[in-house]
Amino acid sequence: MLRRKIVAVTIFIAVMLSAVQARPEFWLGGGLRYDMNLVSPDWKQYFPAYNEGKISFINSGGLAANFLCFYSEDLRLGLFTSFDLLFPVGFVAESGATEGFISYKFDYRMDFALGAAYYHMLSPKLGLFLEAGMGYSLYRIAVTNDVNERDPGEFNQFGEWIALANLGIVSVYRNSFFRFYASCSYSILTSGIPIRFGVGAGGGFIF
């Protein structure tokens with residue numbers, strides 16, 4: 001019994017010492033992102049200005065921001081959170097035709113995400129990373145999209161919960177980093193196959 005207590009105390013002390021000696025690391029960055037969104041049948045009614053809602057994909061581009069917190073600089077396993085603001089730049093109609101799109105009413109989609117991240121450095125300057133988590137997307141879509149229309153008109157606002165993953169390459173130089181990644185997300189509470197594929201690139205600073 002005494003031996004077990006000694007082992008338990010020893011393990012506890014070792015864990016506490018490692019926690020004290022570990023140096024947390026924080027990454028703050030931003031960049032650009034582009035994705036193709038396969039629209040769920042549940043949401044097509046909210047896009048009347050996009051080929052009367054007869055669309056398959058919406059192409060969007062915009063800005064991305066991310067924050068990472070690692071337990072230690074030696075083992076970059078931790079948490080990430082991100083915020084993206086995307087604007088429609090085109091769509092693919094149900095007929096298969098691809099069309100450009102300019103929103104005159106400031107249509108947008110905001111993505112919020114939280115999850116786990118693992119960054120594996122192949123060398124002091126180059127590595128791979130994987131992020132996986134959950135998120136929420138908020139849409140603001142104008143009912144009409146007439147140019148030079150003074151009346152702001154009506155908007156459809158709706159949201160969806162998503163599961164997401166990012167896989168990419170990261171380059172580190174002193175206290176800064178640059179990364180390029182591919183992303184995939186899936187709307188978990190809607191019908192059809194509402195999946196997104198995208199790419200992103202950007203950089204930031206390490207604290």
Side-chain angles (χ1 to χ4, degrees), residues 27-68 80-94 97-115 117 129-145 147 152-170 178-190 192-204:
W27 295 32
L28 179 63
L32 301 175
R33 181 182 162 195
Y34 175 87
D35 75 12
M36 296 179 61
N37 183 4
L38 180 58
V39 183
S40 167
D42 298 347
W43 304 141
K44 291 185 179 183
Q45 59 181 314
Y46 298 123
F47 296 88
Y50 296 58
N51 194 39
E52 299 180 349
K54 299 176 181 179
I55 53 177
S56 297
F57 288 91
I58 295 178
N59 303 325
S60 303
L63 305 175
N66 64 284
F67 175 75
L68 297 124
F80 83 92
T81 182
S82 64
F83 169 75
D84 302 331
L85 179 61
L86 302 176
F87 307 96
V89 296
F91 61 83
V92 178
E94 291 180 349
T98 301
E99 299 185 27
F101 185 82
I102 299 175
S103 173
Y104 300 108
K105 301 296 182 64
F106 197 64
D107 292 359
Y108 62 78
R109 188 186 89 223
M110 291 190 295
D111 296 341
F112 306 89
L114 177 67
F129 71 88
L130 173 65
E131 300 172 342
M134 300 292 293
Y136 185 77
S137 295
L138 177 65
Y139 293 79
R140 179 181 182 271
I141 307 298
V143 174
T144 61
N145 192 49
V147 63
E154 299 181 359
F155 292 90
N156 290 323
Q157 290 187 323
F158 60 97
E160 61 181 346
W161 291 98
I162 59 173
L164 62 97
N166 301 322
L167 177 64
I169 300 173
V170 60
F178 175 82
R179 64 181 201 157
F180 176 82
Y181 61 93
S183 64
C184 179
S185 62
Y186 186 83
S187 180
I188 58 178
L189 298 176
T190 53
I193 309 177
I195 195 168
R196 302 180 199 150
F197 298 100
V199 293

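By the 6.0 Å contact criterion, CD1 on I102 is open, its count of non-hydrogen atoms from other residues, nucleotides or ligands being 12 or less. At most 12 non-hydrogen atoms from other residues, nucleotides or ligands lie less than 6.0 angstrom from CD of E154.
Of the inter-residue distances, the one linking N156 atom CG with I141 atom CD1 reads 8.0 Å to the nearest 0.5 angstrom. Rounding to the nearest 0.5 Å places CG of L164 at 9.0 Å from SG of C184. To the nearest 0.5 Å, atom CG of residue L63 and atom CZ of residue R33 are 11.5 Å apart.
A parallel orientation is assigned to the rings of Y50 and F101, their planes being inclined by less than 30° (bins at 30° and 60°).
By the 4.5 Å heavy-atom criterion applied to side chains, D42 and F158 are not counted as neighbours. Contact check for M134 versus I188: side-chain heavy atoms found under the 4.5 Å cut-off. Two residues are said to be in side-chain contact when any heavy atoms from C-beta on lie closer than 4.5 Å; Y186 and P194 meet this criterion.
In terms of heavy atoms, N145 sits closest to K105 at OD1-N, 3.9 Å. Between A201 and F178, the shortest heavy-atom contact is CB-CZ, 4.2 Å. D84 and A64 get closest at one heavy-atom pair: OD1-CB, 3.1 Å. Residue A142 comes nearest to D107 through the heavy atom pair N-OD1, 2.9 Å, listed as atom of the first residue, atom of the second, then distance. Contact detail for I58 and P88: the closest heavy-atom pair is CG2-CB, 4.4 Å.
Annotation: Y136 is not in aromatic contact with F112 [ring centroid separation under 6.0 Å not met].
In the model, N66 has no side-chain atom that pairs as donor or acceptor with a side-chain atom of Y181 under 3.5 Å. With hydrogens and angles left out, the side-chain atoms of R196 and S60 include no donor and acceptor closer than 3.5 Å.
When each of F106, Y108, Y104 is checked for a ring-ring contact (aromatic ring centres under 6.0 Å, His included) with F87, only F106 meets the rule.
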